[in-house]
Amino acid sequence: MAERAPIERELTPALDEAELAQVWRRVRDVQATRRAVPRRRLYQGIAVCALAVAAVAVVVAWPRSRVAPGALAGEVALAPGAQLAEPRTIALADGSHLELATAARLEVLANEGDKFVTAVRRGRVRFDVRPGGPRRWVVETDLATVEVVGTAFSVDRGAGALAVEVERGVVLVRGERVPGRIVRLTAGQRIEVADVVALAPPGPMEPPPGPPLSVEPPPGPGPIEPPLSVAPPLLMEPPPGPPPPTAISPRLPPRPVAPPVAARVPARIEAGPLEAGPLAPPSVAPPPAPIPVDIVARADELVGAGRAAEAAAELTAYLATAPADTTAGLAAFLLGRIARDRLGQPGRAAEAFTRVLAIGSPRAIQADALARRAEALAADGQAVAAQAAARDYLARYPAGPRRGAMAALAGP
Amino acid sequence: MTVAVLALRPTSPARVLDATGAVAVADAELVTRARGGDAWAEEMIYRRHAPQVAAIARRLLRDPVEAADIVQDTFLIAFHKLATLTEPAALRGWLARIAVSRVHRRWRWRKVRFWATTSSDDEGLAEVADAGVSPERRTELALVDGALRGLPDKLRVPWVLRHVIGYSLDEVATACDCSLASVKRYLTRAEEAIASHCGAEVAHG
């Protein structure tokens, strides 16, 4: 078995120094507790705990009780389903605090011994979570999920966007619209996830100025994690078989009416000092401008809804006038895949992949496009061209992942 | 930082040199001291091995919060059972074995929990890749990750320890509590499965 460098070297640290130090403090605390309790007291403690567990079991089984065992208590009722509204500061039993700004609305989804899950329905809520607590804090919004260990941060679900700011510690923000689906924010960093916006019906699309599907780097020094590259679903290698059931299909409008279309809008990550002072009312972000990558997202959704021919038609129309940029590369690649895999049109697929290669962007899919072009040409009966394309692939990417298939196509 | 602290501490003849040439205390000596109740030695053991244990936990569980719990459990168990460690120099593999056993336990909990609730979307290798990793490499990681998700635990754990964390075959055998021959067999089968998966993915397009 060939030796290779561990993949771990290419990954972000499993736990950073602060997290490891926090774990070490917990280890020390547990050890100190164990050493401080004499064995006789330990047995007494076990008996007390057994009684407590029995008592909790009775409480849980009590039909009127809605409070889970070990639930977090506060100045107000925090049972699942509780709605908290504007503006107030709520002190919790573990030392944590919630601060709701004007018009903010927070709902408790789960409150148990090991987790406290809330949903920010609207407005800005600041969470000051006491580090080292036993509960896993999760803040849900309609655009992303925020996971917390011990930190202070705020979640602002304004009109048109979600903003998460970290004052202290680390949070993880997950969501479909988050770059790479997950972002790790440290103190001073902020992410804005834009809302779904309505676009004009399909037709010739004018790209606005500026690069599509990009995430702005922070103004100051220091890396933002994770690396900010996003690809539409079909552009990454999906598992074989039909597309998985997702929430995409219901978003598609019925034909023949040309309705608004959901657009994918990039998230913004910023680093820098956070605003101090009292919580401001929820900010109203201006609706983001449509961006040309919408055509790829729309086509992807159409394919997921079984309307591959329409997707191909829209991509073709877009490519007729599109500039030779990254979005056009993605659109051509997707068109090639649809034509080859969904429509059984290898000739059309070969042309689309040729367009991808001519555009030369994005770079990450060039090798794949070259291999797919060779296969499409072969499927279209253009044996000589397919052989040439396969040899081109082998020459350019001698260690490429498709080298086996290309070697078979290239022949002796 | 560790080196500076160590330089101020009395050391026994059992010493090793670290990469900077400074004197560092060997694992065996740290174990001996920790068994004698030396809190400093316990902390040194933690500082030296916690990152590896965290890596094992996170890459197998794919969850940073659960990984932190595993690190805590592993060192609490290790310090509690340090007297049972027959070969103090093999501390690293022994800690890995504890961590892996705790990960298995966590997986069993997850199966029960997910039966009653919804599953969580865990993080893949591509998602936790460093900022400098190229898009092509990121795609490869995603491909490998997809293959790993389909592997049984018996094959996945040795492969992750060997190729993600970078453990030696002997350490993998210790961590997985199986023979060296079994580890080699598991790794070979995992490699075949991953190659097959990647090939199928690529062929399917």
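Every chain is numbered from 1, with letters handed out A, B, ... down the list of sequences. Keep in mind that the numbers below use all heavy atoms, side chains included, and drop hydrogens, waters and symmetry copies.
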| note | Value for CD (B:Gln52) from CD (A:Glu8), rounded to nearest 0.5 Å, stands at 7.5 Å
| task | Would you mind reporting whether B:Val71 and A:Trp24 have side-chain heavy atoms less than 4.5 Å apart? | result | no
| Under 4.5 Å from a heavy atom of chain A, the part of B:Glu140 involved | neither
| message | Please determine whether the number of non-hydrogen atoms from other residues, nucleotides or ligands lying under 6.0 Å from atom NE2 of B:His104 exceeds 12. | response | yes
| field | Inter-residue atom distance A:Asp368.CG - B:Glu136.CD, 0.5 Å rounding | value | 11.0 Å
| said: Quick check on B:Ile56 against chain A: is it the side chain, the backbone, both or neither that has a heavy atom closer than 4.5 Å? | reply: neither
| request: Would you give the length of the straight line joining atom CD of B:Glu127 to atom CZ of A:Arg184, rounded to the nearest 0.5 angstrom? | output: 14.5 Å
| query | What are the two closest non-hydrogen atoms of B:Pro64 and A:Leu15, and how far apart are they? | reply | O-CD2, 3.8 Å
| So do the side chains of B:Asp69 and A:Arg26 get within less than 4.5 Å of each other, counting heavy atoms only? | yes
| request: List the steps and the verdict of side chain to side chain contact (heavy atoms under 4.5 Å, CB included) for A:Val27 and B:Glu43. | output: CA-CA 10 Å; A:Val27 169; B:Glu43 185 167 352; over 6 Å; no
| Closest approach of A:Leu20 and B:Tyr46, non-hydrogen atoms and distance? | O-OH, 2.6 Å
| For chain A, the option from B:Gly146, B:Gly124, B:Ala39 that forms the most heavy-atom pairs under 4.5 Å | B:Ala39
| Which distance, rounded to the nearest 0.5 Å, do you find between the CD of A:Glu17 and the CZ of B:Arg47? | 7.5 Å
| Non-hydrogen side-chain atoms of B:Arg59 and A:Leu11 separated by less than 4.5 Å | yes
| Is there a side-chain contact between B:Phe75 and A:Val23, using heavy atoms and a 4.5 Å cut-off? | no
| Taking every non-hydrogen atom, the tightest pair across B:Arg58 and A:Pro13 | NH1-O, 3.8 Å
| task | Examine whether an atom of A:Arg28 lies under 4.5 Å from a heavy atom of chain B, and if so say whether it belongs to the side chain, the backbone or both; otherwise answer neither. | result | side chain
| task | Starting at CG of B:Asp63, measure out to CG of A:Leu172 and round the result to the nearest 0.5 Å. | result | 8.5 Å
| For B:Ala57, is it the side chain, the backbone, both, or neither that has a heavy atom closer than 4.5 Å to a heavy atom of chain A? | neither
